[in-house]
Amino acid sequence: MSTGMRIVDIIAYPFIAFLIGMLYMGIARNIIGRIHRRWGPPVLQNLIDVFKLYRKREAGSHGVMFHLGPIIMVTGVVTCLYFIPMLSDGRWLKGFSFDGDLILVTYLMVLGALGMALGVGQGGVPFGVMGVTRGLTRLIGLEIPYFIAIIVLMAHYNTASINKIIELQAGGLSNWAMFKVPLAFIASLFSFWGMMGASPFDIPGAPQEVASGPATEFGGKYLALMMSSRGIFGFLKLTLWVDLFMGGAANLLILVGKTFVLFVTVLFVTSVYSRFKVEQAVDFMWRYPTIIGLIALVIEMVR
Amino acid sequence: MSYLEELKVKIENMFSPEKCYFPKENLLSFLVSNSEVRGALSYLKDVEGFKHFVMLSCVDWLEEGKFELVYIVWHPEKKVNAMVKTKIDREKAEFQSLHDMWRQICTYEREIWEMFGVNFIGHPRLEPFILEDWKDMPPMRRDFDTLHYVNEHYEWREGREESYKPRDYIGEAFDEWRKK
Amino acid sequence: MSKVVKIFHGPQHPGITGNMSVELDLIGETIVKARTHVGYLHRAFEKLVERRTAMQAFTIVCRICVPEPDPNEENFARAIEEITGLEVPERAKWIRVLVLELSRLAAYHLWMGGQAGSTGLYTVPQWSVGYRDYILDLFEELTGGRVYHMYIIPGGVRRDLPDGFLDRVSDVMDLIESKLPEFDRLFFDNAVFKKRAIGTAVIDPETAIERGVVGPPLRACGIASDVRRDDPYEIYDKLDFDVITEKGGDVYARALVRRREMEQSIKIIRQIIKYIPDGPYRTKIPYPMNWKLKAGETYVKTESARGEFGYYMVTDGSEYIRRMNVRGPAYVHGVSLLEDMLEGAQLADVAMIMNSLGTCPPEIER
Amino acid sequence: MCTDNPGVWEYIANWARKHSIWVLAYGTGCGAIEMPPTMTSRYDAERFGLRGAATPRQADLLIISGYLATKTLKRVIRTYEQMYDPKYVLALGSCTINGGMYWDSYNTIKKLDLYIPVDVYVAGCMPRPEAIIEGIIALQKRIEEGRAEGAKKYRENIEWYKKNQREVFGDEMLPDYTWNFEGGI
């Protein structure tokens, strides 16, 4: 691949994630609309929303960190994105994967939340601070089953490279990690729902409790940045799970198909459950998914 | 003799109610002097079992120069209401606070303090309840003219004053409707 | 972390029912002190009623409580009737009860949406508010208004039932009844909702009576208190229905009481459809523009969806009402009781507790 | 930034604004009772790109649903000033237009447009959900034509608005919010 092509590839990387992520959020609003027995907005609604927010004329500020918060969030998300290969075969959209990138990705995924916390801290809105506190507390709950699942996976395939894991899953459905280490997949699915903000775990931004949580004081361009990064982050997580457990994707069509299936499970969960309180969520996460994950770990060690 | 009629006799013996009668079947209403209110209410609550406090109201009898405080209680077992009334002086509107008998009286007293200007002695929290930055006289007093206040403080949209008088119009419309 | 954070929860906040605000002192997520602030909806109804004749006043009283206006009309009409001695025809009484029960069903649907929405379950409000519209359509056909009806006037009701109206009521009742199990599955049996609601904001029976709690919150403590049974008005003594009680006194028990009362309302409406008599639907009233109301006083009450709704009315022989004082259930639930319930609760529960107590700001401040 | 000559971007932006109106969830009066039916499954205002926003910073449209008590008016002005330009106001109900049935009430305002700029009035008591949707469509038309410039009007006539507000509030005036700076810091 020539250097020019490589540059195009790298520039296209976040944009593809952004577009698909935004489209998914639009489709989500549609599907949820159908569950609500109504039509729902157009599919492109989220893109229109983001564009409108970028074109807001005013945006108040509370200082430097308030500016930087959303920017750190986007940076963290995009950096993280580059280490997750979208397509396994061919030369396109491979990202910068290397041996041991799974560990790096795991840490980079938290960076967005931390950037947000810094920005909100300067906003001075108690709801925002409260939302961030809730978000970080929830993170403690979510990370445990996720880490256990990752450890099981790494032990099973004896590698910490996402690309290697994808390669080892090649060759048919039965080779997928979700069937090879089913318990680890189930454990990781709970924390996946939590990370996607699906309903029992959508605590940080609960409108009835803390207005809109971390985003309370952010409007206009800041909110647009946050929405964009949320779109990218959503697609990032979907891709990561497809890579780790569902055998990766050879071309964009397969990637979209697999991520979409995973995405729909999130929607169904989100529309039939109430919201936990934060300590209930942590309690839940440290109980069922963690136990399932530990069993998977024991099985893996015995094998 | 029903329970309420017995109660009426008891109350007439015990207190000196000015006017003790039944406005309707299961409601006993009597007017006592200021000093007897607490006694009457605690008799109703502790001896007779009128455990549920319904409401405290205030009526402005401008012509007599009196405020009438009305305490309504409910008997959860016998299913009857009783109404204890007392008249206080309008010029020096003061009364003892009864918030220690039922907690929710606090709220009612706070509203009456604000709306009628009755000062409840011993109330823990006499602070503005509904109105904010109110500088005029307490608005529920009968000598407060709300239309005058509106004319002073707000601007009317043009066209409203030229329209028909609703009062006359409703009268005519009602006449026509009645003929049909 | 022991730093106290002060939060103004409302008036502009999605978790507040209506337009009021709660000032919360928080340590972490736990509330140490709560103060309610009301008055954002004060329209001075009690003052306005003093300036209007009875017939003019009856059109504005329904605005006192927005989610369920009919108990206000009923109270006002019955207070005037009791003071002036007007006789209401039999058919009018049955129609009034029909309207009251329909409006109770509509209010419970709205409550269900609010309660589910307050815990983050957004599918239920979408469905229940949608089904509530079927009832509003019935109201529109009967009275001409979706929300404010101005239908129950002193001396009867404003007009007779349209042709075939009862059949349509029957259809809507069948539809609503068939949808109730859906809500059971989605909401009342929802594991997460149960986990959050059971044991939250418990009221014990003694304090409930002492503090003036009425309606579903009182019945959720196991006390069978219902104005429809205790002090029957209109024709409730002729109808067969149960007073629902639950043990527990928490948010979940209150939800279950309301859920089971919806079935009772449907049962009552079915009886009305079956047994409603023929006859005139209102009596002749004196010329309304100078209708001198006999001097007198009365206290009337109606069981609304949130509990006992009372009117204290005094007349002095003129054509105007001397004083009308409204005692909405939220007056007690939404101010002093709410403050006590919130102390020690968590920030996440505020919306849930407000909804389950049936806080309705417009009737607190009128 | 505020531009006097709308270019292509402004034209596209207006199109986007028209199709993405976030409503501030503030039920100021009894009109709030018809907002749930408007937003939920029967009338489904989300088809037009309407969405609830939890905080004023994110909202585009402030719906004044019915009468405003003076105590609420203070909060409404505060909320309005916190919203970011471009922002719109839709007033529901006769009571916002001329006082409606509360014409002689000492605690409700009679003319909303004295205190904040109103883009669309919807008459009625209560306006039905259809009427609300029609009002929103009228607002969309104004946005598309670039005529919904309430914030600009507010900034330009700030003395007049503040004078009117002072008549109601007396000395207890609000602190100033974001109206006095343009395009952020």
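Reminder, nothing fancy here: chain letters follow the sequence lines and each chain counts from 1.
When all heavy atoms of A:I48 and D:A16 are compared, the pair lying nearest together is CG2-O, 3.5 Å. Closest approach of A:Q45 and D:H19 over heavy atoms only: NE2-O, 3.0 Å. The shortest heavy-atom contact between D:Q58 and A:F218 is CG-O, 3.4 Å.
If you measure heavy-atom distances from D:A59 to chain A, the contacts under 4.5 Å come from the backbone alone. Contact annotation for A:M227: only side-chain heavy atoms (C-beta onward) come within less than 4.5 Å of a heavy atom of chain D. Both the backbone and the side chain of D:W9 come within less than 4.5 Å of a heavy atom of chain A. Contacts between A:L53 and chain D at a heavy-atom distance below 4.5 Å involve the side chain alone, from C-beta outward.
Judged by the 6.0 Å distance and 45° axis criteria, A:K52 is not positioned over the aromatic ring of D:W15.
A:K56 places a side-chain N or O within 3.5 Å of a backbone atom of D:Y84 that can act as its donor or acceptor partner.
Within a 6.0 Å sphere centred on CD of D:E134, heavy atoms belonging to other residues, nucleotides or ligands number 12 at most. Open room surrounds NZ on D:K141; 12 or fewer heavy atoms of other groups in view lie less than 6.0 Å from it. Other residues, nucleotides and ligands contribute at most 12 non-hydrogen atoms within 6.0 Å of the OH atom of A:Y273. The local environment of CH2 in A:W39 is sparse, with at most 12 non-hydrogen atoms from other residues, nucleotides or ligands closer than 6.0 Å.
Residues passing the salt bridge (charged side-chain N to carboxylate O under 4.0 Å, His left out) test with A:R134, sequence neighbours excluded: A:E209, C:E29.
Taking 4.5 Å as the heavy-atom cut-off, the residues of residues 42-55 of chain D that approach chain A are D:D44, D:E46, D:R47, D:G49, D:R51, D:A54, D:T55, ordered by number.
Going from atom OG of D:S20 over to atom CG of A:L47 covers 11.0 Å, rounded to the nearest 0.5 Å.
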